[in-house]
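These figures come from a predicted structure and were not determined experimentally. Order of the sequence lines fixes the chain letters, A, B, ..., with proteins taken first and strands second; residue numbering starts at 1 for each chain.
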Protein chains: 2
Amino acid sequence: MEMKDLKGTTKILKAAADEGRLRMLMLLHCRPGVCVCEIKKVIGLSQPTISSHLRLLESAGLVESQKEGLWVNYRLAQDMDQEAKTIIGLLHARLKEDPQIKEDLKKIQKTDRHAICKR
Amino acid sequence: MEMKDLKGTTKILKAAADEGRLRMLMLLHCRPGVCVCEIKKVIGLSQPTISSHLRLLESAGLVESQKEGLWVNYRLAQDMDQEAKTIIGLLHARLKEDPQIKEDLKKIQKTDRHAICKR
DNA sequence: CTTATATATTTAGATATGTCAATATAGTTT
DNA sequence: AAACTATATTGACATATCTAAATATATAAG
């Protein structure tokens, strides 16, 4: 899908325009390669909801994934277009002092995926 | 409302994340001070829908208005924070070649509000 | 003051979105 | 292969969003 036109740009904005997904984007920006388990642990939504958000972000071209055994590691899409990258950078600059975002980033640092999973 | 935190930023993104409102933002970016009539003429949605979108954009701090007789003129909010301004600039750079946006801007240039109104 | 006009608000209905429980799938371990 | 685990998908439901018709409000003009 062409993302540079009106519809595609709207899709990108919609993808970012949700509190949970925005938190996830900030998480992936600061911690590339986290798995669904870890994201779930930090964000606190159900696993299906996390997966569904990730799928939406992926279909907007903001996120990509790679399998690693049972885990699926997510990161910001490397081939994201420049404006989208810039916007995510701006959002991070804007939100890095937000209490919720700070808490999320603190949590992810303390997180060991081997300890977290099996649940 | 504080717009720099997570909730406020989400609100701004939601405001921009609609095809009609994004077109309206681009219109206001290029043509500050257009009235509801003119916006309606260009975008092609009903007057209540246009008004409702404008209210939402205003409540997100992206747009401001000034009365002029019967007309209400809208423009991008002068006191918008820097990141929001930057994002709108990026969106314009991205969308200025989009056919729909080009058509909108062409239409607004040909538009005379005195001719348009009375309907 | 009555009529007309531009915009806002209310109301209602259709569609989209966010969420989770249940289930399916795919890979790992024993 | 059987049991287990991480993730994806499906189904269902509640809420939010988009839209326009009808109505209200505010200003202007006659």
Worksheet item: Distance check: side-chain N/O of Tyr74(B) vs OP1/OP2 of dA6(C), anything under 4.0 Å?
Response: no
Discussion item. Is Ser46(B) close enough to dT19(D) that one of its side-chain N or O atoms is under 4.0 Å from OP1 or OP2 there?
Written reply: no
Discussion item. Can you build the contact string for nucleotides 25-30 of chain D? Use B for base contact, S for sugar-phosphate-only contact, and - for no protein heavy atom under 4.0 Å.
Written reply: -BBS--
Discussion item. Evaluate Thr49(B) against Ser52(B) for side chain to side chain donor-acceptor pair (under 3.5 Å), listing each step before the verdict.
Written reply: CA-CA 5 Å; Thr49(B) 298; Ser52(B) 146; over 6 Å; no
Item to complete: Measure from the side chain of Thr49(B), starting at C-beta and using heavy atoms only, and say which of dT9(C), dT19(D), dT7(D) lies closest.
Response: dT19(D)
Discussion item. The side chain of Pro48(B) is closest to which nucleotide in this list: dA22(C), dA6(D), dA20(D)?
Written reply: dA20(D)
Response to the item:
Residue set satisfying side chain to side chain donor-acceptor pair (under 3.5 Å) with Asp79(A), at least two apart, ordered chain then number -> none
Who are the salt bridge (charged side-chain N to carboxylate O under 4.0 Å, His left out) partners of [X], not counting sequence neighbours?
{"X": "Glu97(B)", "answer": "Lys102(B)"}
{"X": "Arg21(B)", "answer": "none"}
{"X": "Lys4(A)", "answer": "Glu83(A)"}
{"X": "Lys107(A)", "answer": "Glu103(A)"}

Practice prompt. Give me the bend of the helix from dC1(C)-dG30(D) to dT30(C)-dA1(D), using the axes of the five pairs at each end, rounded to 10°.
Written response: 20°
Worksheet item: Within a strict 4.5 Å, meaning less than it, do heavy atoms of the Leu95(B) and Leu22(B) side chains meet?
Response: yes
Worksheet item: Do the non-hydrogen side-chain atoms of Gln100(A) and Met26(A) ever get within less than 4.5 Å of each other?
Response: no
Discussion item. If you take any heavy atom closer than 4.0 Å to DNA chain D, which residues from residues 2-29 of chain B end up in contact?
Written reply: Lys14(B), Asp18(B), Arg21(B)
Worksheet item: So which of residues 51-66 of chain B are in contact with DNA chain D, with a heavy-atom cut-off of under 4.0 Å?
Response: Ser52(B), His53(B)
Fill in: ring pair (Phe, Tyr, Trp, His ring centres under 6.0 Å) partners for His29(A), two or more places apart
His92(A)
Discussion item. Hydrophobic clusters here meaning ILVMFWY residues chained together by side-chain heavy-atom distances under 4.5 Å, can you tell me if Leu45(B) and Ile108(B) are in one?
Written reply: yes
Discussion item. For Lys14(A), give me all partners under side-chain contact (heavy atoms from CB on, under 4.5 Å), at least two apart in sequence or on another chain.
Written reply: Thr10(A), Ala17(B)
Worksheet entry | Value in whole Å for how far the C1' atom of dT28(C) lies from NE2 of His114(A) | 13 Å
Discussion item. How many whole angstroms separate atom NZ of Lys41(B) from atom P of dT7(C)?
Written reply: 14 Å
Worksheet item: Do any pairs count as a salt bridge (charged side-chain N to carboxylate O under 4.0 Å, His left out) and have a residue in residues 58-77 of chain B, sequence neighbours left out, and if so which ones?
Response: Glu68(B)-Arg113(B)
Worksheet item: Do Gln47(B) and dA20(D) have a side chain to base donor-acceptor pair shorter than 3.5 Å?
Response: no
Practice prompt. Could you give me the CA-CA distance, side-chain angles and deciding distance for Arg94(B) and Asp81(A), then say whether salt bridge (charged side-chain N to carboxylate O under 4.0 Å, His left out) is met?
Written response: CA-CA 10 Å; Arg94(B) 186 188 186 90; Asp81(A) 38 89; 2.7 Å; yes
Item to complete: Report the residue (Asn73(A) or Leu45(B)) whose heavy-atom-nearest nucleotide on DNA chain D is the more 5′ of the two.
Response: Asn73(A)
